[in-house]
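None of these values were measured; they are calculated from a predicted model. Reckoned from all heavy atoms, side chains included, excluding hydrogens, waters and symmetry mates. Chain identifiers are assigned alphabetically (A, B, ...) following the order of the sequence lines, protein sequences preceding nucleic acid strands; residue numbering begins at 1 within each chain.
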Amino acid sequence: MTELNQNTYISTGKQVDNIRQDRRKTRQKWGAAETSLLVEGLFEHGVGNWKKILTDPKYPFGKDRTAVDLKDRFRTLYPNEYENLYGKKAKRKTKKTNNDQSMVTFEKKPHRPKNKFTPEEDNSLKLGIEKYGNSWSKIAGDQQFNLMHRRGQDLRDRCRVAYPEIYARFSKSRKSKHVGKSDPHILKKFYALPFQITSPTIQEPETSNI
DNA sequence: ATAGGGGTACCG
DNA sequence: CGGTACCCCTAT
């Protein structure tokens, strides 16, 4: 190897290796406690959301841990789960004993617990639609409808399954048949529709009768 | 920021 | 020494 070569070659394996030796951090084994943090974080945030798990204060990982470290740990500890979630091409060489750990199953997007819509919420949703149309997040954000605990997306989903005839008025395919999506008349048409809106029961303030 | 693949320290 | 758990690099 001449001086000329040393100065000119840029991306050979050898030079990369030298850089690696300089930056490589000391090896930190995963203990049971830190592994439990990862498992809990996976149940809450889902597989693949490594940064979210790492930065969650509820899970105090070692100071030098990085999001990639979490991914690598999951990959070696639950090889079968990793294969299930990412495909067989992602499979890599692991100890057989680790395969038995897959009694546990993980999800990429953990499901929130289901909260059924009450009749009161449904009524409020319809009132909200009357006011805002399909601006679901505005309905959810308007205090008067008491739907602040719902996401706009959740309200859209509820409307779609509970009131398909209303929801159809907002779908693009339905719109494209007649008017442009920015046509202001679409809402007017919707407002004129004869669907029933029942007023939510209003709790009377405490009275002095009795 | 993450997925995927290559590299390496460490253990028996 | 072989094999693997942990670390690193990079395309997307």
Subject >> A:W30 CH2 - C:dC6 C1' separation (whole Å) >> reply: 10 Å

Original post:
How is A:K93 classified with respect to the nucleic acid when contacts are heavy atoms under 4.0 Å: base, sugar-phosphate, or nothing?
Top reply: base

**OP:** For A:K25 and C:dC9, give me the distance from atom NZ to atom P, rounded to whole Å.
**Re:** 12 Å

Original post:
Is any N or O donor-acceptor pair between the side chain of A:K91 and the base of B:dG4 shorter than 3.5 Å?
Top reply: no

Original post:
Between atom CG in A:D72 and atom P in B:dA3, what is the gap in whole Å?
Top reply: 11 Å

**OP:** Considering only NZ, NE, NH1 and NH2 on the basic side and carboxylate oxygens on the acidic side, decide whether A:E44 and A:K58 come within less than 4.0 Å.
**Re:** yes

Subject >> Main-chain N/O of A:T66 paired with A:D69 side-chain donor or acceptor, under 3.5 Å >> reply: yes

**OP:** Could you tell me how the ring of A:F74 sits relative to the ring of A:W50: parallel (under 30°), tilted (30 to 60°) or perpendicular (over 60°)?
**Re:** tilted

**OP:** Starting from the 5' end of DNA chain C, give me the residue, A:K71 or A:R27, whose nearest nucleotide shows up first.
**Re:** A:R27

Subject >> Whole-Å distance separating the CZ atom of A:R92 from the P atom of C:dC8 >> reply: 14 Å

Original post:
Taking CD from A:E83 and P from B:dA3, how many angstroms apart are they, rounded to a whole number?
Top reply: 16 Å

Subject >> Between C:dA5 (C1') and A:R75 (CZ): distance, integer Å >> reply: 11 Å

Subject >> Atom pair distance, as rounded to whole Å: CG in A:L38 and P in C:dC6 >> reply: 11 Å

Original post:
Within less than 4.0 Å of OP1 or OP2 of C:dC6, is there a side-chain N or O belonging to A:R73?
Top reply: yes

Subject >> Integer-rounded Å distance: B:dA3 C1' and A:L85 CG >> reply: 13 Å

Subject >> Within 45° cone of A:F145 ring axis and under 6.0 Å: A:R150 NZ or CZ >> reply: no

Original post:
More 5' along DNA chain B: A:K29 or A:N49, using each one's nearest nucleotide?
Top reply: A:N49

**OP:** Validate the cation-pi geometry between A:R65 and A:W30: distance from NZ or CZ to the six-membered ring centre under 6.0 Å, angle to the ring axis within 45°.
**Re:** yes

Subject >> Selected nucleotide, minimal atom distance to A:K95 side chain, candidates B:dG4, C:dC6, C:dA5 >> reply: C:dA5

Original post:
Within the structure shown, what part of the strands sits under 4.0 Å from A:Y82 by heavy-atom distance: base, sugar-phosphate, or nothing?
Top reply: sugar-phosphate

